[in-house]
A.B. asks: 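Handing you this structure, nothing more for now.
Only heavy atoms go into these numbers, but all of them, side chains included; no hydrogens, no water, no symmetry mates. Sequence positions, counted from 1, serve as the residue numbers for this chain.
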Amino acid sequence: MNAQAPFFMSGEILALASSFIYSAALISFRRGLRSASPITGVLITNAVASALLLSIAFFLGTLQTSSLRPVLWFMLAGCLGQGMGHLASYTAIQRIGASRTSPVQASAPIWAVFFAAFFLGEEPGVAVVLGTFSIVGGVALISMGEGKNVEEGGMGPEFRRALVFPVFASFMYAAMPVIAKIGYAEQRTPFAAVGFAFLAGFLFLLCAKPFLGASGRIYVGKRDVCWILLGSVFSSTATGLLWYTLTFSDVTVVLPLSRTAPIWVVLLSLVFMGDMERVNARLFGAAGLVVLGGFLITSFR
């Protein structure tokens, strides 16, 4: 972005805006998943987001000029992120809450560093090691508690088993931009790219549904469908904004700021989720450690 661009359109501000909007999406989904299955939330989100973003791409003219090969890369990225990643994320939100899911998912930078080292030959430095310890410390802290079950905020067997979902989601979310960057090398059309990614996630889950067993059941209560729709709009807006920012701003600037979502989730939980989430100093500390780790890894590698 050139020097004449207004302050509020800088990569830093847009990345923070994306982070805040996505935290609002997580809070909305937490409300909606009271009476809906995780796959229902993902399918609704992907359908709404793909329709919204592809419509924007059509209006801008980038949809009509899209080439097949980059579109296939974008769709592969969508299968990983908007498909498997979203399903794991929504399952985690339903089982352990948004304020616990978001900090664990924010560990995605650590996986991204591994991908960069493997595919690009990058060598992690001291900051990466420090960031790794910070993230591990945050995940460990969020797993500790005095309660005996999920509802009490403890680390009982059910809670420990549920942690696999946000960790897996973070892995998928880290792989997604790596694949998307390959498509961007041939076609830099962020709204079309994200629209195709959400569409691929929708189609992937429809195909996978028969193999998911009880997890593939589709149901949602009338009172909560509005929360999922609202979260879908927030999610598509945040993702589209982030992918747009990546077309003109450095990844090392955008990614750390986009990982501040755990802080926003904790703050929003205090205001809107008092009846469903228990937010305490331990969660604040865990969120801060994970965000610090993500910043160190992505900014100083």
A.B. asks: Among residues two or more places apart or on two chains, list those pairs meeting side-chain hydrogen bond (donor to acceptor under 3.5 Å, both in side chains) that have a residue in residues 193-203.
C.D. replies: none

A.B. asks: So, using side chain to side chain contact (heavy atoms under 4.5 Å, CB included) as the criterion, who are the partners of Ala175 when residues are at least two apart?
C.D. replies: Leu80, Phe115

A.B. asks: Sequence neighbours left out, cut at 3.5 Å: what donor-acceptor pairs do the side chains of residues 192-200 make with other protein atoms?
C.D. replies:
none

A.B. asks: Taking atom OH as the centre, does Tyr219 end up with more than 12 heavy-atom neighbours from other residues, nucleotides or ligands that are less than 6.0 angstrom away?
C.D. replies: yes

A.B. asks: Give a yes or no answer on whether the side chain of Ser37 reaches the backbone of Arg217 with a donor-acceptor pair at less than 3.5 Å.
C.D. replies: yes

A.B. asks: At what distance, to the nearest 0.5 angstrom, does OG1 of Thr245 lie from CD1 of Ile13?
C.D. replies: 11.0 Å

A.B. asks: When you compare the side chain of Arg34 with that of Trp227, does any pair of heavy atoms fall below 4.5 Å?
C.D. replies: yes

A.B. asks: Output every pair passing ring-ring contact (aromatic ring centres under 6.0 Å, His included) with a member in residues 37-58, not counting sequence neighbours, ordered by first then second residue.
C.D. replies: none

A.B. asks: Side chain of Thr239, backbone of Ser235: donor and acceptor closer than 3.5 Å?
C.D. replies: yes

A.B. asks: Which residues satisfy the side-chain hydrogen bond (donor to acceptor under 3.5 Å, both in side chains) test with Thr189, sequence neighbours excluded?
C.D. replies: Gln187

A.B. asks: Starting at CG of Leu72, measure out to CD of Glu186 and round the result to the nearest 0.5 Å.
C.D. replies: 10.0 Å

A.B. asks: According to salt bridge (charged side-chain N to carboxylate O under 4.0 Å, His left out), does anything in residues 73-92 pair up with another residue at least two apart or in another chain? List the pairs.
C.D. replies: none

A.B. asks: Can you tell me if Thr40 uses its side chain to pair, donor with acceptor, with the backbone of Ala36 under 3.5 Å?
C.D. replies: no

A.B. asks: Output the distance between atom NE2 (His86) and atom CE (Met176), rounded to the nearest 0.5 Å.
C.D. replies: 7.0 Å

A.B. asks: Give a yes or no answer on whether the side chain of Asn46 reaches the backbone of Gln82 with a donor-acceptor pair at less than 3.5 Å.
C.D. replies: yes

A.B. asks: Output all residues satisfying side chain to side chain contact (heavy atoms under 4.5 Å, CB included) with Ser55, sequence neighbours left out; order by chain, then residue number.
C.D. replies: none

A.B. asks: Sequence neighbours left out, what passes side-chain hydrogen bond (donor to acceptor under 3.5 Å, both in side chains) with Ser89? Give chain and number order.
C.D. replies: Gln105

A.B. asks: Among all residues two or more places apart in sequence or in another chain, which pass the side-chain hydrogen bond (donor to acceptor under 3.5 Å, both in side chains) test with Thr237?
C.D. replies: none

A.B. asks: Go through the structure and list residues passing salt bridge (Lys or Arg N to Asp or Glu O under 4.0 Å) with Arg223, not counting sequence neighbours.
C.D. replies: none

A.B. asks: Is Ser18 reaching over with its side chain to a backbone N or O of Leu14, donor-acceptor style, under 3.5 angstrom?
C.D. replies: no

A.B. asks: I want to check something: taking the side chain as every heavy atom from C-beta on, are Phe74 and Ser66 in contact at a cut-off of under 4.5 Å?
C.D. replies: no

A.B. asks: List in chain and number order the residues that pass side chain to side chain contact (heavy atoms under 4.5 Å, CB included) with Leu43, two or more places apart in sequence or in another chain; answer none if no residue qualifies.
C.D. replies: Ile39, Phe202, Leu205, Leu206, Ile218

A.B. asks: Within this structure, what is the CG-CZ distance for the pair Leu87 and Phe168, rounded to the nearest 0.5 Å?
C.D. replies: 9.0 Å

A.B. asks: Can you tell me how far CG of Leu53 sits from OG of Ser236, rounded to the nearest 0.5 angstrom?
C.D. replies: 5.5 Å

A.B. asks: Between the main-chain N or O of Gly41 and the side-chain N or O of Thr45, is there a donor-acceptor pair closer than 3.5 Å?
C.D. replies: yes

A.B. asks: So, the side chain of Ser35 versus the backbone of Gly221: is there a donor-acceptor pair under 3.5 Å, distance only?
C.D. replies: yes

A.B. asks: Would you please name every residue forming a side chain to side chain contact (heavy atoms under 4.5 Å, CB included) with Phe234, sequence neighbours left out?
C.D. replies: Ile21, Ala24, Ala25, Ser28, Leu230

